J.: 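One structure follows; several queries about it will come next.
Index from 1, following the sequence. Values in this document were obtained by computation on a predicted structure and should not be read as measured data.
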Amino acid sequence: MKIIRELPGSYGSKVELVEIDGKQYVLKTWKVEESENEKLFLKTLEENNLPFLGVINNSELKSNQILLEYIEGSPKLPKGIENFVKFGEIIRKMHDIKYNESFIINEYGEKEVIEWSDFLKNALKRGLKKQRDEKTDLSEELLIAIESFINNHLPIKKSEFSLLHADLHLGNLLIKNGGLVVYDKNPEIFSGDAIYDFATLLTHYPNETYIQTDNPDNLHDREIMDTFMKGYGFDFLKYDRENFDIYFIIKALLRYPSPWEIYSKEAIENIVFKKTR
């Protein structure tokens, strides 16, 4: 296996373009459970006739590595608003892969069932700990208010669960043979409430939903989300807003601060103190 060069990677992973017997592949090195999640995720897409990246077996791989097919140039979906219809359509097809329970995949590639509300409680705990450990500008008063707000809305009970990606944004889509491939899965949860997947997406486009700004980079946020939901076929901001507010806060806590999501603090405050639309 010959390493050609390092590629832009996902958070926490090392991604390299490699060559084996004259053919190029992508080698990702990260935590074992992340590798196992990505393998099963891509296998599940393939089994359900959705576009996928091929996973390559190779004896040189370590347990925390995965070898993927390489698409020349790694073409991404253009950011034009109209393309969010296609984005919504492929995510709806992914979410149509259903399960009877919510679960994670551990480092052994095994399913571990977890009650949906227990997953949310654990995620909230991790998010609060992150903010306190990193001493961010989310005040202790706000963190206490967040915890109280979310606990007052739990438990959230669901009877149907979907395959989740848990880190949806344009950077985790590739174009392959004219279709959209979702990849680079977050391993925190494998099956859960479908609309949890949209929390990361909306942290990128919060204007006119959770905040109000004249920033030109965010002028079309609501149009983008409306277009995405048109492709998806369900307006979760209208019909499941209360649960989505909880999911948004939890995901924002786990990611804040982020240079790509500069309004997360304001959005959290507006939800907790009921200042949103």
J.: Does Leu68 belong to the same Ile/Leu/Val/Met/Phe/Trp/Tyr cluster as Val18, with side-chain heavy atoms less than 4.5 Å apart forming each link?
T.: no

J.: Compile the donor-acceptor pairs under 3.5 Å between side chains in residues 50-63 and protein atoms, sequence neighbours left out, one pair per line.
T.:
from: Asn58; atom 1: OD1; to: Glu60; atom 2: N; distance (Å): 2.8
from: Glu60; atom 1: OE2; to: Met1; atom 2: N; distance (Å): 3.4

J.: What is the distance from atom CD of Glu208 to atom OG1 of Thr213, rounded to the nearest 0.5 Å?
T.: 10.5 Å

J.: Are any side-chain N or O atoms of Asn152 and backbone N or O atoms of Ser148, one a donor and one an acceptor, separated by less than 3.5 Å?
T.: yes

J.: Test Phe244 against every option in Phe234, Tyr196, Tyr239, Phe236 by the ring pair (Phe, Tyr, Trp, His ring centres under 6.0 Å) rule and name the one that passes.
T.: Phe236

J.: Work out which heavy atom in Leu42 is nearest to a heavy atom in Val182; give both atom names and the distance.
T.: CD2-O, 4.0 Å

J.: Give me each pair satisfying salt bridge (charged side-chain N to carboxylate O under 4.0 Å, His left out) with a member in residues 256-274, each pair once, sequence neighbours excluded.
T.: Asp137-Lys265, Arg255-Glu261

J.: Determine whether a donor-acceptor pair (N or O, by modelled atom type, separation under 3.5 Å) exists between the side chain of Asn37 and the backbone of Phe190.
T.: no

J.: Working to the nearest 0.5 Å, report the span between OG of Ser35 and CD1 of Ile105.
T.: 12.5 Å

J.: What residues, two or more places apart in sequence or in another chain, satisfy ring-ring contact (aromatic ring centres under 6.0 Å, His included) together with His220?
T.: none

J.: State whether the side chain of Glu38 and the backbone N or O of Asp184 hold a donor-acceptor pair below 3.5 Å, judged by distance alone.
T.: yes

J.: May I ask whether Ile249 and Leu237 are part of the same hydrophobic cluster, defined by side-chain heavy atoms of I, L, V, M, F, W, Y residues being less than 4.5 angstrom apart, directly or through others?
T.: yes

J.: Does Asp133 have more than 12 heavy atoms from other residues, nucleotides or ligands lying within 6.0 Å of its CG?
T.: yes

J.: Which atom names give the shortest non-hydrogen contact between Ala194 and Leu164, and what distance separates them?
T.: CA-CD2, 3.8 Å

J.: Hey, could you give me each pair passing salt bridge (charged side-chain N to carboxylate O under 4.0 Å, His left out) that has a residue in residues 139-148? Not counting sequence neighbours.
T.: Arg132-Glu140

J.: Quick one: list whatever passes ring-ring contact (aromatic ring centres under 6.0 Å, His included) with Phe248, sequence neighbours left out.
T.: Tyr210

J.: Tell me whether Val32 shares a hydrophobic cluster with Ile66, the cluster being built from Ile, Leu, Val, Met, Phe, Trp, Tyr side chains joined at under 4.5 Å.
T.: no

J.: Which atoms form the tightest heavy-atom contact between Ile71 and Ile175, and what is the distance?
T.: CG2-O, 3.8 Å

J.: Could you tell me which residues satisfy side chain to side chain contact (heavy atoms under 4.5 Å, CB included) with Glu112, sequence neighbours excluded, listed by chain and number?
T.: Ile104, Asn106

J.: Check each of Asp221, Asn270, Asn215 against Tyr263 using the side chain to side chain donor-acceptor pair (under 3.5 Å) test, and report the only one that passes.
T.: Asn215

J.: Between the main-chain N or O of Thr29 and the side-chain N or O of Glu16, is there a donor-acceptor pair closer than 3.5 Å?
T.: no

J.: Are the side chains of Arg241 and Thr209 in contact, using a 4.5 Å heavy-atom criterion?
T.: yes

J.: Within the structure provided, determine whether Asn48 and Leu163 are in side-chain contact (heavy-atom separation under 4.5 Å).
T.: no

J.: Nearest 0.5 Å, please: how far is CG in Asn122 from CD1 in Ile114?
T.: 5.0 Å

J.: Is there a continuous path of hydrophobic side-chain contacts, each under 4.5 Å between heavy atoms, that joins Leu27 to Phe41?
T.: no

J.: Would you say Glu110 has more than 12 foreign heavy atoms packed within less than 6.0 Å of its CD?
T.: yes

J.: Any chance you could measure Ser13, atom OG, to Leu7, atom CG, to the nearest 0.5 Å?
T.: 10.5 Å

J.: Quick one: pull up CG in Asn151 and CG in Leu120 and give me the separation to the nearest 0.5 Å.
T.: 10.5 Å

J.: Can a donor-acceptor pair be found, under 3.5 Å and without considering hydrogens, that links the side chain of Lys251 to the backbone of Ala166?
T.: yes

J.: Per the salt bridge (charged side-chain N to carboxylate O under 4.0 Å, His left out) rule, what does the pair list look like for residues 225-238, sequence neighbours excluded?
T.: Arg222-Asp226

J.: Considering only distance and modelled atom types, tabulate donor-acceptor pairs under 3.5 Å from the side chains of residues 74-88, sequence neighbours left out.
T.:
from: Lys76; atom 1: NZ; to: Gly171; atom 2: O; distance (Å): 2.6
from: Lys76; atom 1: NZ; to: Tyr183; atom 2: OH; distance (Å): 2.9
from: Asn83; atom 1: ND2; to: Pro78; atom 2: O; distance (Å): 3.2

J.: Does Ile144 share a hydrophobic cluster with Leu142, counting links as ILVMFWY side-chain heavy atoms below 4.5 Å and allowing steps through other members?
T.: no

J.: What pairs with Glu134 under side chain to side chain donor-acceptor pair (under 3.5 Å), at least two apart in sequence or on another chain?
T.: Lys130

J.: Would you check if Leu201 and Thr203 make a side-chain contact, meaning some heavy-atom pair closer than 4.5 Å?
T.: no

J.: Could you work out, with ring-ring contact (aromatic ring centres under 6.0 Å, His included) as the rule, every residue matching Phe161, not counting sequence neighbours?
T.: none

J.: Tell me the closest heavy-atom pair linking Leu128 and Leu253, and the distance in Å.
T.: CD2-CD1, 4.0 Å

J.: Decide side chain to side chain contact (heavy atoms under 4.5 Å, CB included) for Leu254 and Glu188; before the verdict, give the C-alpha distance in whole Å, the side-chain angles of both, and the deciding distance to 0.1 Å.
T.: CA-CA 11 Å; Leu254 290 166; Glu188 68 171 343; 3.8 Å; yes

J.: Output every pair passing salt bridge (charged side-chain N to carboxylate O under 4.0 Å, His left out) with a member in residues 88-107, not counting sequence neighbours, ordered by first then second residue.
T.: Arg92-Asp96, Lys98-Glu160, Glu101-Lys111

J.: Atom OH of residue position Tyr108 - does it have more than 12 heavy atoms of other residues, nucleotides or ligands inside 6.0 Å?
T.: no

J.: For the residue pair Asn243 and Lys158, establish whether any side-chain heavy-atom pair is separated by less than 4.5 Å.
T.: yes

J.: How many angstroms lie between atom OG1 of Thr200 and atom CG of Asn186, to the nearest 0.5 angstrom?
T.: 7.5 Å

J.: Taking the six-membered ring for Trp and the full ring for Phe, Tyr or His, determine whether the centres of Trp116 and Tyr247 are under 6.0 Å apart.
T.: yes

J.: Check Phe103 against Ile189 and note the closest heavy-atom contact, atom names and distance.
T.: O-CD1, 3.4 Å

J.: Among all residues two or more places apart in sequence or in another chain, which pass the ring-ring contact (aromatic ring centres under 6.0 Å, His included) test with Tyr232?
T.: His95, Phe198

J.: Taking atom CD of Glu242 as the centre, does the number of heavy atoms from other residues, nucleotides or ligands within less than 6.0 Å exceed 12?
T.: no

J.: Can you name the closest pair of heavy atoms from Ser162 and Tyr99 and give their distance?
T.: C-CD1, 4.0 Å

J.: Kindly indicate whether the side chain of Tyr70, heavy atoms from C-beta on, has any atom under 4.5 Å from the side chain of Lys23.
T.: no

J.: Could you tell me if the side chain of Ile268 sits less than 4.5 Å from the side chain of Tyr256, heavy atoms only?
T.: no

